[in-house]
Amino acid sequence: MKVVIDAQKCVNKRFARVKCTDCRDSCPAKCINETLEIGNHCTNCGLCLAVCPAEAIGGVSYSVEAVQQLFTSQEPIRLICQRCQPDSLWPCLGFLDPTLLLALVFSAEDGRREVAIYQEECRQCCDEIAEHLVRTVAEANRLVGSGTPRIVNAKQKFGGLAPKAVSRREFFAKLWESSVSTIRDIALATAEEMRPIPRRDLFSKSGIAQLRQSELYNQTTFKKLAVGKKCNTCGLCAKVCSAGAIATASKEGIFKIRHNPARCKNCGVCAVLCPQGAISLLPASLLAEAIVGLFNMPVCQDCGRKYQPVGNAGVCSDCMQKSRIFSS
């Protein structure tokens, strides 16, 4: 199997009410079924990895280790697929998304590393991948700002990716050995080798300082939490947020909700599961963590104290427990 979905991270598998279809809708090969099983006709394009809001999909050809290698040098990064350059690390460039590109750009000491992408032949191979890369590069460059694009479209194929001082015959012999090894690795890949790329974490480590104080315009990558007046302060949003982007606190009957757009993965679980339907996600204008809600906590119908409700309960947990004891 070329790619796998981590059931512990997939929002559909974790929450029955969530009906995310991003991976299915984006798949050019239409190889992901309604139960999120991946068929054998997967082309290993990596697009499902890029669009999954929960970062729940991984592939042995898109290993975390291979991605992390890109961060180890201060040189410009060159990305090309194996179809155009057989000694490339990447079967396809569909795995790229704006947060990963931003992390690479900001990984340089001056925060302005160039990333060159060869996509001149993408449309010959797959229109969906070509369109995805156009949107991804445009979005990332908008977020980088400063006028000069840091993510550029290369017009010519990259050379020098093959090992140096190796003859053509030796190179293709090594390539064949590598291909056989890759097939074997895919067949015997462990869960560790198939783990998803932690895109938001990589961005947080290298890119957040560059954008934290910048105003963001016309972008859809980062979202801010909007909480309406119907919020009853139950705090379920923070409990179900796997990214740790939502935090809540209460003091003297006032309930506070904070949100971090840089960590938010836009999975929408908080909005879907909110008992009051009080949450929505909107494009963020800033990446700094901010207070998005201040609410008076409700008063218990039995004891009169302010409390944090469970779902739509009208009484506090203590009174609820007493009621259960007396009724039994």
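We use all heavy atoms of the structure for the numbers below, so side chains are in, but hydrogens, waters and symmetry mates are not. On a predicted model such as this, the values are computed, not experimentally measured, just so you know.
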When you check the side-chain N and O atoms of Thr99 and Arg199, is any donor under 3.5 Å from an acceptor?
no
Taking everything shown except Asn40 itself, do over 12 heavy atoms lie less than 6.0 Å from its CG?
no
Once you round to the nearest 0.5 Å, how far does SG of Cys122 lie from NE2 of His132?
10.0 Å
Verify, without hydrogens or angle tests, whether Asn153 (side chain) and Ala116 (backbone) share a donor-acceptor contact under 3.5 angstrom.
no
Asn266 side-chain N/O to Pro53 backbone N/O, donor-acceptor pair under 3.5 Å:
no
Quick one: does Ser88's side chain have a donor or acceptor within less than 3.5 Å of a partner on Ile80's backbone?
yes
Lys155 bridged to Glu120 by N-O distance under 4.0 Å
yes
Apply side chain to side chain contact (heavy atoms under 4.5 Å, CB included) to Asp127 and list each qualifying residue two or more places apart in sequence or on a separate chain.
Arg123
Quick test of your reading of the model: are Glu34 and Lys19 salt-bridged, counting only N-O distances below 4.0 Å?
no
Pairing of Glu289 and Arg263 as salt bridge, 4.0 angstrom limit:
no
Crowding at CD, Gln74 (>12 non-hydrogen neighbours, <6.0 Å)
yes
Starting from Leu294, walk the hydrophobic network (Ile, Leu, Val, Met, Phe, Trp, Tyr; side-chain heavy atoms closer than 4.5 Å) and list everyone else you reach, by chain and number.
Ile254, Ile291
Any sub-3.5 Å donor-acceptor pair from Arg258's side-chain atoms to Thr248's backbone N or O?
no
Given a cutoff of under 4.5 Å between side-chain heavy atoms of I, L, V, M, F, W and Y, with clusters grown through shared members, what are the other residues clustered with Ile246?
Leu225, Val227, Phe255, Ile257, Ile279, Leu281, Val292, Phe295, Met297
For Arg150, does its backbone N or O pair with a side-chain atom of Arg112 as donor and acceptor, under 3.5 Å?
no
What pairs meet the salt bridge (Lys or Arg N to Asp or Glu O under 4.0 Å) rule with one or both residues in residues 235-251, with sequence neighbours excluded?
none
Under 4.5 Å between side-chain heavy atoms, chaining through other members, with only Ile, Leu, Val, Met, Phe, Trp and Tyr counted: pull out the rest of the cluster around Tyr217, sorted by chain and number.
none
Joint hydrophobic cluster, Val299 plus Met320, side-chain heavy atoms closer than 4.5 Å:
no
Gln219 side chain to Leu143 backbone, donor-acceptor under 3.5 Å:
no
Quick one: name the residues clustered hydrophobically with Val269, using the 4.5 Å side-chain heavy-atom rule over I, L, V, M, F, W, Y, and just say none if it's on its own.
Val11, Phe15, Val18, Leu236, Val240, Val272, Leu273
Donor-acceptor contact below 3.5 Å, side chain Glu114 vs main chain Val152:
no
Check whether Tyr307 reaches the backbone of Gly314 with its side chain - one donor and one acceptor, N or O, closer than 3.5 Å.
yes
Polar side-chain atom of Thr136 near backbone of Leu133 as donor-acceptor pair, under 3.5 Å
no
Flag yes if more than 12 heavy atoms outside Lys306 fall under 6.0 Å of its NZ atom; otherwise flag no.
yes
Donor-acceptor pair, distance only, cut-off 3.5 Å: does the side chain of Ser206 make one with the backbone of Ala103?
yes
Can you say whether the rings of Tyr118 and Phe158 are parallel (under 30°), tilted (30 to 60°) or perpendicular (over 60°)?
perpendicular
